Amino acid sequence: MNQGLWLKNWIWKPMATCLTGGSLLAAATAAQADPPGIYYSWRAMTTDVNQCLNQAENALESQDLTPVQTDAISMAGQSEDTTAVFVCMDSPGEVTATTVMVIVASADNDQAIALREALKLAF
């Protein structure tokens, strides 16, 4: 058996494939984005869910967030790099009490925190 052919087929080709695949994997891993920062806050209110959603809509509009989803208890708004969601839930055992939660996600942590605070003030 030709020793050079053996080295080429059984050692060099698999090793080259592993090195090439490994460098491609490393490049793909480096290209992935960091997960967004997610920040939230909640509080109890003495309103109903509909009033809460109206206030949420006004708060989202005040920060120039485009509405992207609304359902029975939540409303979401989005900009180019940030998403915010208000969730309004009836508080158990209370007739006119609602718990509201605001959730903000952005790749820029400082921007997400600033938006969360602005939405809380606008709410």
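Note that these values count all heavy atoms, side chains included, but never hydrogens, waters or copies made by symmetry. These numbers were taken from a predicted model, which means no experiment stands behind them.
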So, for A122 and S62, which heavy atoms are closest and what is the spacing to 0.1 Å?
CB-OG, 3.3 Å
Within this structure, what is the CG-OG distance for the pair L53 and S74, rounded to the nearest 0.5 Å?
7.5 Å
Can you tell me how far the CE atom of M45 sits from the CD atom of Q55, to the nearest 0.5 Å?
4.0 Å
The reported gap from CG in L60 to CD in Q78 (rounded to nearest 0.5 angstrom) is 11.5 Å
From T82 OG1 over to Q63 CD, what is the distance, rounded to the nearest 0.5 angstrom?
10.5 Å
Between atom CZ of R43 and atom NZ of K120, what is the distance when rounded to the nearest 0.5 Å?
9.0 Å
Quick check: is Y39 connected to W42 through a chain of hydrophobic side chains (ILVMFWY, heavy atoms under 4.5 Å apart)?
no
Any ring-ring contact (aromatic ring centres under 6.0 Å, His included) pairs touching residues 100-123, not counting sequence neighbours?
F86-F123
Are L119 and V49 joined in one hydrophobic group, where the rule is that I, L, V, M, F, W and Y side chains link up if heavy atoms are under 4.5 Å apart?
yes
Any idea which heavy atoms bring A84 and V104 closest together, and the distance?
CB-CG2, 4.1 Å
Look up atom CD in Q51 and atom OG1 in T46, then write down how far apart they are to the nearest 0.5 Å.
8.5 Å
Taking T98 for the side chain and T47 for the main chain, is one N or O donor matched with an acceptor at less than 3.5 Å?
yes
Taking the side chain as every heavy atom from C-beta outward, state whether R116 and S41 have any pair of such atoms under 4.5 Å apart.
yes
Answer with yes or no whether the hydrophobic clustering places V68 together with V85; edges join I, L, V, M, F, W, Y residues whose side-chain heavy atoms lie under 4.5 Å apart.
no
Any donor-acceptor N/O pair, T83 side chain to A105 backbone, under 3.5 Å
no
